[in-house]
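Please read these numbers as outputs of a predicted model, since none were measured by experiment. We name chains A, B, ... by the order of the sequence lines, and we start the count at 1 in each one.
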There are 2 protein chains.
Amino acid sequence: MEHRPSDLTRQRILEAGFAEIHRQGYQSASIANILGATGLTKGALYHHFPSKKDLGLAVVVEIIATGLEERLVQPVRSAAQPARALLALIDAKQSLDEEQVRLGCPLNNLMQEMSPVDEDFRLRLNRILSRWQDAFEDALRRAQEAGEVRPDLNCHAAALFIVSAWEGCVGVAKNMQSVETYRACLSQLRAYVAGLLAPPR
Amino acid sequence: MEHRPSDLTRQRILEAGFAEIHRQGYQSASIANILGATGLTKGALYHHFPSKKDLGLAVVVEIIATGLEERLVQPVRSAAQPARALLALIDAKQSLDEEQVRLGCPLNNLMQEMSPVDEDFRLRLNRILSRWQDAFEDALRRAQEAGEVRPDLNCHAAALFIVSAWEGCVGVAKNMQSVETYRACLSQLRAYVAGLLAPPR
DNA sequence: CGAATTGCATACCGACCGGTATGGCTCGTC
DNA sequence: GACGAGCCATACCGGTCGGTATGCAATTCG
């Protein structure tokens, strides 16, 4: 909300940090590379962030969390037809460019890398994942009350599975380096979700 | 197949390397830690492996590939009832101990870490993933010919999705650090696979 | 039995890492 | 217009990294 000029350099470091972490992972991310990308030096970085870890955590909560919030959570919340919104979201996310398939989902990357080795990272990443999952669970539950999906569905487990499978699709496509594979895999997820819909009687 | 005594130390290095890579990831895996675990020194390691990368690749093809082959590929190949064998395999793998949930699937870990940054790793990991996927695809196709699953199923995409979703379940459970989450997630995968079965008419 | 090769330990190297201490420049404030 | 505080550059440090050169004991082979 503030507009001090120093906040701009902080933001530049944050975005360059995100890019570096996205490419190399957190542990292999090099402070020197981040500074090289911004044209800044260590004085600037360590003025705004006490340590590399603080920068990494800031990237998680200020870049990754907000990005996922507006791209995957917001479109489903307060949707008139929750089930339709979910399917539409999957359809919309079928189009990823080469770069995004190559590097994968930033959230999933960090979860796989950091969850076993650093509890601070794990907890913050878990908050993001839980919010995502909760949003889908809510959508399924509201759709259930509206009669859109089968009444016997375990919404919690289903939402968990959708999120998991989604990340799995991105992860596998990342190894295959193929947008086609990603689309084929996500289309199967779409079929699963479509199968949750209540049969028209 | 040979039984020279030096092959034993090579194997010890290989297994200690696998354990270290499983815990820390490849890039953060420390040569010193691997040697410390075995009680050996650098002379031994660099006598058997030209570099850290060669050790890492050897771990992939000699430990991870063979392990996955016998645990996930072999049980499905040449099964009398392929579809049942698939379900049985999923049921069997629902029981993982805390440690395995914490550290996740070694194959998936390395895929996420190394696929974008090293082509040699990516290709070897991709061979493993493809063999796994092909085994499931074959099983589905044979089950399809036997009338076990719906005739209109896209076996290739379905096998791709099963493998992807599976890895996704392990990955999410790893962040949650909960075997319960893993089981709930995998049970949804089981339900998906069960849904592929041909309805009894 | 001598010679050469295998198997591994020890000591050491340059590169890079994250982090710090210091200082200078700029700007708002009294 | 002296002054203090925010902002950032420069230089430097200890530690860890993967990798190498050398040496020595054991084993194999001529």
Side-chain angles (χ1 to χ4, degrees), chain A residues 1-60 62 110 113-114 117-121 124, chain B residues 1-60 62 110 113-114 117-121 124:
Chain A
M1 305 309 168
E2 307 188 10
H3 286 285
R4 299 181 310 191
S6 79
D7 288 338
L8 187 129
T9 69
R10 191 194 126 96
Q11 194 64 23
R12 284 174 56 200
I13 296 174
L14 223 47
E15 290 171 6
F18 168 76
E20 171 77 359
I21 291 175
H22 196 192
R23 293 197 196 93
Q24 311 277 351
Y26 169 75
Q27 303 188 83
S28 295
S30 165
I31 298 283
N33 286 141
I34 297 175
L35 296 175
T38 60
L40 297 169
T41 60
K42 295 198 173 185
L45 196 153
Y46 283 96
H47 174 73
H48 290 281
F49 303 95
S51 71
K52 180 189 178 183
K53 178 169 174 176
D54 288 281
L55 170 59
L57 294 176
V59 166
V60 169
E62 298 184 33
L110 284 179
E113 180 188 2
M114 300 304 292
V117 297
D118 190 295
E119 188 70 3
D120 295 321
F121 271 93
R124 283 161 172 83
Chain B
M1 304 310 166
E2 307 187 8
H3 286 286
R4 299 180 310 194
S6 77
D7 287 339
L8 187 130
T9 68
R10 190 193 126 96
Q11 195 63 23
R12 282 173 57 200
I13 296 174
L14 223 46
E15 289 171 7
F18 168 75
E20 170 77 1
I21 291 175
H22 196 192
R23 292 198 197 93
Q24 311 278 350
Y26 169 76
Q27 302 189 84
S28 295
S30 164
I31 298 283
N33 286 143
I34 297 175
L35 297 175
T38 60
L40 297 169
T41 60
K42 293 199 173 183
L45 195 154
Y46 283 96
H47 174 73
H48 290 281
F49 303 96
S51 72
K52 180 189 179 184
K53 179 170 175 177
D54 288 280
L55 170 59
L57 294 176
V59 165
V60 170
E62 299 184 34
L110 284 179
E113 178 187 3
M114 299 304 292
V117 297
D118 190 295
E119 187 70 2
D120 295 322
F121 271 92
R124 283 161 224 271

Find the distance B:Asp7:CG to C:dC8:C1' and express it as a whole number of Å. 14 Å
With a cut-off of less than 4.0 Å, is there a side-chain N or O of B:His48 near OP1 or OP2 of C:dT6? no
Kindly determine whether B:Leu55 and B:Leu14 satisfy side-chain contact (heavy atoms from CB on, under 4.5 Å), including the steps that lead there. CA-CA 7 Å; B:Leu55 170 59; B:Leu14 223 46; 3.9 Å; yes
Can a salt bridge be assigned to the pair A:Arg10 and A:Glu62 using a cut-off of 4.0 Å between side-chain N and carboxylate O? yes
Quick one: salt bridge (Lys or Arg N to Asp or Glu O under 4.0 Å) pairs with a partner in residues 24-53 of chain A, sequence neighbours left out? A:Lys53-A:Asp118, A:Lys53-A:Asp120
Value in whole Å for how far the C1' atom of C:dG7 lies from CD of B:Gln11: 17 Å
Look at the side-chain N and O atoms of B:His47 and state whether any lies under 4.0 Å from the OP1 or OP2 oxygen of C:dA9. no
Between atom CZ in A:Arg10 and atom C1' in D:dG6, what is the gap in whole Å? 15 Å
For nucleotides 17-20 of chain C, which of its nitrogen or oxygen atoms have a protein nitrogen or oxygen under 3.5 Å away, and what is each distance?
residue	atom	partner	partner atom	Å
C:dC17	OP1	A:Ser30	OG	3.2
C:dG18	OP1	A:Ala29	O	2.9
C:dG18	OP1	A:Lys52	NZ	3.1
C:dG18	OP2	A:Ile31	N	3.1
C:dG18	N7	A:Lys42	NZ	3.1
C:dG19	OP2	A:Tyr46	OH	2.8
C:dG19	OP2	A:Lys52	N	2.8
C:dG19	N7	A:Lys42	NZ	3.0
C:dG19	O6	A:Lys42	NZ	2.5

Just the dot-bracket of DNA chain C, please: which string comes out with Watson-Crick or G-U pairs under 3.5 Å, [ ] for crossing, | for another strand? |||||||||||||||||||||||..|||||
Once you apply a heavy-atom cut-off of 4.0 Å, does A:Leu45 come out as touching a base, just sugar-phosphate, or nothing? nothing
When you check the phosphate oxygens OP1 and OP2 of D:dC7, does a side-chain N or O of A:Thr9 lie under 4.0 Å from one of them? no
In whole angstroms, the gap separating C1' of C:dC16 from CG of A:Leu35 amounts to 14 Å
Output side-chain donor-acceptor pairs under 3.5 Å for residues 15-22 of chain A, partner residues at least two apart or in another chain, one line each.
residue	atom	partner	partner atom	Å
A:Glu20	OE2	A:Ser30	N	3.0
A:His22	NE2	A:Gly104	O	2.8

A:Tyr46: ring-ring contact (aromatic ring centres under 6.0 Å, His included) partners, not counting sequence neighbours: none
Just by distance, do the side chain of A:Ser28 and the backbone of A:Gly25 share a donor-acceptor pair under 3.5 Å? no
Between B:Glu113 and B:Gln27, is there a donor-acceptor pair closer than 3.5 Å when you use the side chain of the first and the backbone of the second? yes
Run the ring-ring contact (aromatic ring centres under 6.0 Å, His included) test against B:Phe121 and tell me which residues pass, sequence neighbours left out. B:Tyr26
All side chain to side chain donor-acceptor pair (under 3.5 Å) counterparts of B:Thr41, not counting sequence neighbours: none
